[in-house]
Amino acid sequence: MSGGTTELASPFRVLGIETSCDETAAAVVVDGQHALSSVVSSQVDLHARFGGVVPELASRAHLELLPPVVAEAMVEAGLDGDGVDAVAATVGPGLIGSLLVGLSAAKAMAMVWGVPFVGVNHLEAHLYAAFLEEPDLEPPLLVLLASGAHTMVAHMAGHGDYEVLGTTLDDAAGEAYDKVARFLGLGYPGGPAIDRLAMEGDPTAIAFPRGMAGEGYDFSFSGLKTSVITYVRKHPDVAVADVAASFQEAVVDVLVSKARAAAAAVGAKGLVLAGGVAANSSLRERVLDACIADGLRAFLPSRSLCTDNAAMVAAAGWWRLRSDGPTPLDAGGNPTLGLGQPASHAPA
Ligand code: KG4
Ligand code: ZN
């Protein structure tokens with residue numbers, strides 16, 4: 001991270017707030033590592049009938065849900081305002097209206113309690129989910145981050161020091177899951193539904209394309225999605241479980257092979273899985289097998305820490321506060337913030 005490191009007093013309790021998409025979440029984390037509470041209120045039911053997140057509905061729902069979610073996180077942690085040492089909130093990337101709800105609330109609480117405010121990069125927060133469960137986790141690491149909006153492999157050389165080696169050129173892996181699930185009538189969000197159904201299907205039943213296989217570290221999932229749609233239209237009697245399993249096999253094949261190649265290229269000793277798609281059963285199994293075969297340590301956060309939550313925001317906030325100090329209160333939300341860009345980075 002930039003600048004020197006300022007040691008924080010221990011115990012140091014960070015209240016984290018996450019509202020970048022459709023989860024309203026708050027958590028209290030001590031010393032960047034021990035979660036005292038982690039409350040997530042999902043808006044899935046609100047958006048399900050639209051087949052995806054409706055930004056305006058999401059920000060309105062955050063407004064209603066955030067006060068009780070924060071109150072629950074504080075009660076569960078056994079704290080009132082006096083016990084909080086800093087407030088961290090996601091500043092981007094994400095839906096701007098949703099980001100602003102969490103950001104404004106976090107700044108207000110920091111001001112009232114007279115403690116620092118820390119703006120957190122949502123992508124960086126996903127990486128720090130692994131640090132919540134692995135006290136001895138140390139960079140350099142290879143990170144495979146796959147969520148509803150992002151898919152990338154990055155080299156984490158040190159805390160806050162990232163080199164993005166490859167990224168998706170079109171759809172994110174989670175987006176492909178959601179779009180294919182929607183087409184197959186499996187509902188929203190698609191990832192968990194396909195994950196479950198795939199267990200009953202044959203992953204070798206249909207040879208779907210592996211986007212950009214062998215072409216560096218970038219990804220492409222849009223062709224795969226189109227291929228699934230075309231196949232099902234041509235073969236209306238196909239077993240849906242076989243389609244789910246074969247689609248998943250194609251996604252996982254590409255994610256694992258690129259992460260492995262990138263880890264070998266940078267000489268990484270460990271591989272961290274992050275983002276909502278990291279909750280996928282097949283991906284977790286295949287990453288573990290690959291790490292054993294390649295002599296890498298595998299760091300797989302538990303499923304509830306892979307999908308959006310505020311404990312990861314509080315953890316990343318603790319590290320950022322140590323390295324960069326508090327974020328100015330005039331920092332705005334940034335819908336397109338990239339991994340490695342500081343929270344105060346002006347929107348593109
Ligand atoms: O990280 P996340 O909660 O939100 C974003 O930052 O985008 O990721 C959500 C994405 C959705 O696309 C969802 O379908 C996918 O993660 N997902 C999964 C699974 N659980 C969630 N994809 C595959 N398998 C799962 N078990
Ligand atoms: Zn996320």
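Note: hydrogens, waters and symmetry copies are ignored here, and every other heavy atom, side chains too, is used. Predicted model, so just to flag it, every value in this text is computed and none were measured. Start at 1 and go down the list; that is how both ligands and their atoms are numbered. Numbering starts at 1 and runs along the sequence shown.
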Practice problem: Return the residue, atom name and 0.1 Å-rounded distance of the protein heavy atom closest to atom 14 (O) of ligand 1. | Solution: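 Protein heavy atom with the smallest distance to atom 14 (O) of ligand 1: Asp178 OD1, 2.7 Å.
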Exercise. For Glu18 and Ser20, test the side chains for any donor-to-acceptor distance below 3.5 angstrom and give the result as yes or no.
Key: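 Present: a donor and an acceptor within the cut-off.
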Practice problem: Measure Asp308 to ligand 1 on non-hydrogen atoms and call it side chain, backbone, both or neither using the 4.0 Å cut-off. | Solution: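 Both the backbone and the side chain of Asp308 come within reach of ligand 1.
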Practice problem: Considering only non-hydrogen protein atoms, determine which one is nearest to atom 24 (N) of ligand 1 and report residue, atom name and distance to 0.1 Å. | Solution: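 Ranked first by proximity to atom 24 (N) of ligand 1 is Asn280 ND2, 3.0 Å.
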Quiz item: For the residue pair His150 and Phe219, is the inter-centroid distance of their aromatic rings smaller than 6.0 Å?
Solution: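 Between His150 and Phe219, the centre distance exceeds or equals 6.0 Å.
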Practice problem: Round to 10° and report the angle made at the Zn ion (ligand 2) by NE2 of His122 and NE2 of His126. | Solution: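 The two atoms form an angle at the metal of about 100°.
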Practice problem: Would you confirm whether His155, through its side chain, and Glu163, through its main-chain N or O, come within 3.5 Å as a donor-acceptor pair? | Solution: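 Checking the backbone N and O of Glu163 against the side chain of His155, no donor-acceptor pair under 3.5 Å is found.
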Quiz item: Of the choices Ala176, Gly191, Ala146, which has the non-hydrogen atom that lies closest to atom 18 (C) of ligand 1?
Solution: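 Nearest option to atom 18 (C) of ligand 1, by heavy atoms: Gly191.
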Practice problem: Give the atoms of ligand 1, by number and element, whose distance to some non-hydrogen atom of His126 is under 4.0 Å. | Solution: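 The atoms of ligand 1 under 4.0 Å from a heavy atom of His126 are 1 (O), 6 (O).
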Quiz item: In terms of residue, atom name and distance, what is the protein heavy atom nearest to atom 19 (C) of ligand 1?
Solution: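 Nearest neighbour among protein heavy atoms for atom 19 (C) of ligand 1, to 0.1 Å: Gly276 O, 3.6 Å.
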Quiz item: Any luck finding a side-chain donor-acceptor pair between Glu133 and Ser302 under 3.5 Å?
Solution: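 Yes, because at least one side-chain N or O of Glu133 sits under 3.5 Å from a partner of the opposite role on Ser302.
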Quiz item: Is it true that the side chains of Asp195 and Ser281 contain a donor and an acceptor less than 3.5 Å apart?
Solution: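 Ser281 and Asp195 do have a side-chain donor-acceptor pair below 3.5 Å.
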Exercise. Report the member of Leu123, Asp195, Val53 with the shortest heavy-atom distance to atom 26 (N) of ligand 1.
Key: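 Heavy atom nearest to atom 26 (N) of ligand 1 belongs to Asp195.
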Quiz item: Looking at ligand 1, does Cys21 have a heavy atom less than 4.0 Å from it?
Solution: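 No, Cys21 has no heavy atom closer than 4.0 Å to ligand 1.
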Quiz item: Backbone, side chain, both or neither: what part of His122 comes under 4.0 angstrom of ligand 1, heavy atoms only?
Solution: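 Only the side chain of His122 comes within reach of ligand 1.
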Quiz item: Which single N/O/S atom of Asp308 lies at minimum distance from the Zn ion (ligand 2)?
Solution: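 Answer by atom name: OD1.
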Quiz item: Under 4.0 Å from any heavy atom of Ala149, which atoms of ligand 1 are there?
Solution: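 In order of number, 7 (O).
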Self-check item: Interfacing atoms of ligand 1 (cut-off 4.0 Å, heavy-atom, Gly174)
Solution: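 By the 4.0 Å cutoff, the relevant atoms are 12 (O).
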Quiz item: So is Arg303 in contact with ligand 1, going by heavy-atom distances below 4.0 Å?
Solution: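 The answer is no, since Arg303 has no heavy atom less than 4.0 Å from ligand 1.
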Quiz item: Is the closest basic N to carboxylate O distance between Asp253 and Arg286 below 4.0 Å?
Solution: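 A salt bridge links Asp253 with Arg286.
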Self-check item: Salt bridge Arg60-Glu64, side-chain N to carboxylate O under 4.0 Å
Solution: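 Salt bridge absent between Arg60 and Glu64.
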Quiz item: Can you name the nearest heavy-atom pair linking Thr307 to His126, along with the distance?
Solution: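 Minimum heavy-atom contact is C-CE1, 4.3 Å.
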Quiz item: When you look at Arg210 and Glu249, which way does the salt bridge (charged side-chain N to carboxylate O under 4.0 Å, His left out) test go after all the steps?
Solution: CA-CA 9 Å; Arg210 273 61 173 159; Glu249 187 77 352; 5.0 Å; no
Practice problem: Could you say whether the N/O atoms of Pro189 and ligand 1 ever approach to under 3.5 Å? | Solution: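 There is no such contact.
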Self-check item: Short side-chain to backbone donor-acceptor contact, Asp170 and Phe221, under 3.5 Å
Solution: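 Pair found, side chain donor or acceptor close to backbone of Phe221.
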Exercise. Return the residue, atom name and 0.1 Å-rounded distance of the protein heavy atom closest to atom 7 (O) of ligand 1.
Key: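 Residue, atom and distance for the closest contact: Gly148 N, 2.9 Å.
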